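Values in this document were obtained by computation on a predicted structure and should not be read as measured data. Positions are given from 1 along the sequence. All heavy atoms count here, side chains included; hydrogens, waters and symmetry mates do not.
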Amino acid sequence: MIKKAVIPVAGFGTRFLPATKAIPKEMFPVLDKPAIQYVVEEAVASGLSDILMIVSRGKRSVEEHFDRNPELEALLERKGNQAERDAIRHISNLANIDFVWQKEMLGLGDAVRLARNHIGGEPFALLLGDTIIQSSIPATRQLMDIQAMFGGSVIGMETVPLDKVSRYGIIAGRKLVGGVYRVDGLVEKPAVHEAPSNLAIAGRYVLTADIFSCLEQISADGKGEIQLTDALRILLQQAPMHGVLLDGRRHDIGNKLDYLKANLWFGLQHPEIGKPLRTFLLELIAETECGEPSPHNLESDDESSHSN
Ligand code: G1P
């Protein structure tokens with residue numbers, strides 16, 4: 001039974017500068033929770049109670065978010081804000097979370113390498129901290145179920161438009177049954193004409209501990225980064241590997257457009273703000289169809305005009 005999850009939260013977040021200069025992208029709010037909380041909640045809902053985060057300089061706020069804050073809890077209690085106090089406490093009770101420091105930003109493969117001591121010899125789940133997946137069966141659970149059937153390592157996939165293949169690790173595979181593929185090859189961020197398919201690695205993996213010895217054989221790429229996908233290619237030579245098309249909606253919070261889309265998506269589903277947000281968006285679209293939106297035409301609502 002897989003119990004351990006690794007969540008790297010160690011990148012620079014360069015696609016989001018200057019916002020990420022002092023705040024990690026994983027702490028950006030998606031509606032009312034930082035993105036990383038959705039990822040931890042997915043791991044916990046999948047049955048993983050032992051989480052290791054790989055952090056680097058400037059990510060202290062991630063640790064603090066999952067720590068207790070007794071003063072804040074006491075304040076909310078005194079004010080009678082029971083629901084908020086419970087929400088705050090819930091975060092620190094979610095799981096056992098340990099932290100390992102990545103001293104130099106040497107890529108995803110290097111971050112995963114640092115989990116070796118914590119993981120030992122068992123298979124583990126790997127969840128990338130800048131991807132939220134909304135689904136009825138938690139995405140990592142979907143991978144764990146396939147791993148229980150086939151053994152070995154399993155990679156979560158989604159199909160992407162061809163013009164986006166160069167943003168992802170891409171898998172060559174043969175369809176076995178349903179959304180399950182036998183992996184034949186993997187390539188990191190190929191050019192469109194070199195991509196073996198449009199099956200993209202979606203930021204969720206279940207890996208056997210053999211990945212660690214594979215990572216030792218990898219040297220840094222042209223950008224000085226150790227790529228996990230290169231180590232997966234070596235792992236593939238040692239044991240069968242499967243890919244599974246994830247059943248759910250993936251939100252990439254690592255770039256501006258997808259981050260905004262994720263906020264709108266979650267906002268539109270919110271019981272209180274969903275309806276007024278929809279009305280606002282429809283008005284905004286109608287207005288922009290007649291020209292550029294003008295700040296003078298947009299009425300501010302009550303909430304946004306208050307400053308707390
Ligand atoms: C990483 C992986 C890539 C994967 C992607 C998913 O890339 O290297 O294979 O497709 O995550 O988000 P990154 O986005 O960190 O550049």
Side-chain angles (χ1 to χ4, degrees), residues 5-16 19-20 23-31 33-46 48 51-56 59 62 65-66 94-95 97 102 107-109 111-112 115 124-144 153-161 164-171 179 186 188-189 198-207 225 227-229 232 243-266 269:
V6 174
I7 306 180
V9 282
F12 273 123
T14 45
R15 276 172 278 188
F16 244 124
T20 43
I23 300 166
K25 64 181 171 188
E26 295 84 1
M27 284 303 289
F28 285 7
V30 175
L31 196 58
K33 287 191 281 192
I36 188 70
Q37 190 176 330
Y38 292 85
V39 180
V40 170
E41 285 172 347
E42 180 197 317
V44 172
S46 300
L48 302 162
I51 295 175
L52 181 74
M53 289 195 188
I54 317 293
V55 291
S56 55
K59 306 270 179 174
V62 176
H65 184 70
F66 291 100
L94 271 171
I97 305 183
Q102 186 184 29
L108 178 59
V112 174
F124 64 99
L126 172 66
L127 296 84
L128 303 194
D130 57 4
T131 294
I132 298 173
I133 300 177
Q134 218 182 358
S135 54
S136 42
I137 301 173
T140 304
R141 181 80 239 174
Q142 295 176 35
L143 299 192
M144 290 160 68
S153 295
V154 181
I155 298 177
M157 310 184 300
E158 69 166 348
T159 52
V160 295
K164 299 227 166 77
V165 288
S166 59
R167 290 192 194 173
Y168 295 96
I170 300 292
I171 286 179
L186 312 99
E188 182 67 10
K189 303 196 175 83
N198 66 340
L199 295 170
I201 300 176
R204 296 292 183 273
Y205 313 74
V206 168
L207 302 173
E225 293 192 355
Q227 294 297 345
L228 176 66
T229 305
L232 289 171
V244 59
L245 279 171
L246 290 171
D247 187 7
R249 177 172 282 264
R250 177 175 180 275
H251 305 278
D252 185 347
I253 60 108
N255 72 78
K256 295 179 189 89
L257 179 61
D258 288 330
Y259 172 72
L260 288 175
K261 283 186 190 170
N263 272 285
L264 290 176
W265 178 262
F266 282 95
Q269 290 174 31

* To do: Could you walk me through whether L108 and T229 pass the side-chain contact (heavy atoms from CB on, under 4.5 Å) test, one step at a time?
  => CA-CA 9 Å; L108 178 59; T229 305; over 6 Å; no

* Quick check: does any side chain N or O of N198 sit under 3.5 Å from a backbone N or O of V160, one acting as donor and the other as acceptor? -> yes

* Looking at V39 and G129, what are the two nearest heavy atoms and their distance? -> CG2-O, 4.0 Å

* Criterion ring pair (Phe, Tyr, Trp, His ring centres under 6.0 Å) on F266 and H251, from CA distance to verdict -> CA-CA 10 Å; F266 282 95; H251 305 278; 5.0 Å; yes

* To do: In sequence, state the C-alpha distance, the side-chain angles, and the governing distance for Q142 and R204, and then conclude on side-chain contact (heavy atoms from CB on, under 4.5 Å).
  => CA-CA 10 Å; Q142 295 176 35; R204 296 292 183 273; over 6 Å; no

* Asked: In Å and rounded to the nearest 0.5 Å, what is the CZ to CD1 distance from F28 to I23?
  -> 6.5 Å

* Taking atom CG of N255 as the centre, does the number of heavy atoms from other residues, nucleotides or ligands within less than 6.0 Å exceed 12? -> yes

* Asked: Looking only at atom types and distance, does a side-chain atom of S46 sit under 3.5 Å from a main-chain N or O of R141, one as donor and one as acceptor?
  -> yes

* Taking the side chain as C-beta and beyond, is there a heavy-atom pair between L186 and I155 under 4.5 Å? -> yes

* Is any side-chain heavy atom of L128 less than 4.5 Å from a side-chain heavy atom of P8? -> yes

* Heavy-atom check, side chain of K25 versus side chain of Y259, under 4.5 Å -> no

* Would you say I51 and F66 make side-chain contact, with heavy atoms under 4.5 Å? -> no

* Distance from D252 atom CG to R15 atom CZ, nearest 0.5 Å? -> 6.5 Å

* State, yes or no, whether a side-chain contact exists between L228 and L126 at a heavy-atom distance under 4.5 Å. => yes

* Validation row: M144, V206 side chains within 4.5 angstrom (heavy atoms) -> yes

* Structure fact -> Only one of K33, E26, M27 passes side-chain contact (heavy atoms from CB on, under 4.5 Å) with H65, and that residue is M27

* Do Y38 and L31 touch side chain to side chain, with heavy atoms closer than 4.5 Å? -> yes

* To do: Return yes if some donor-acceptor pair links the side-chain N/O of D258 with the main-chain N/O of I253 below 3.5 Å, else return no.
  => no

* Side-chain (E158) to main-chain (R250) donor-acceptor, under 3.5 angstrom -> no

* To do: Compare every heavy atom of L127 with every heavy atom of A5, then report the nearest pair and how far apart it is.
  => CB-CD1, 3.9 Å

* For L94 and V44, work out which heavy atoms get closest and say how close. => O-CG2, 3.6 Å

* Would you please test I54 and V9 for side-chain contact (heavy atoms from CB on, under 4.5 Å) and show each step? => CA-CA 6 Å; I54 317 293; V9 282; 5.9 Å; no

* Asked: With a cut-off of 6.0 Å (strictly less than), are more than 12 heavy atoms of other residues, nucleotides or ligands near CG of L264?
  -> yes

* For residues M53 and K59, determine if any side-chain heavy atom of one lies less than 4.5 Å from a side-chain heavy atom of the other. => no

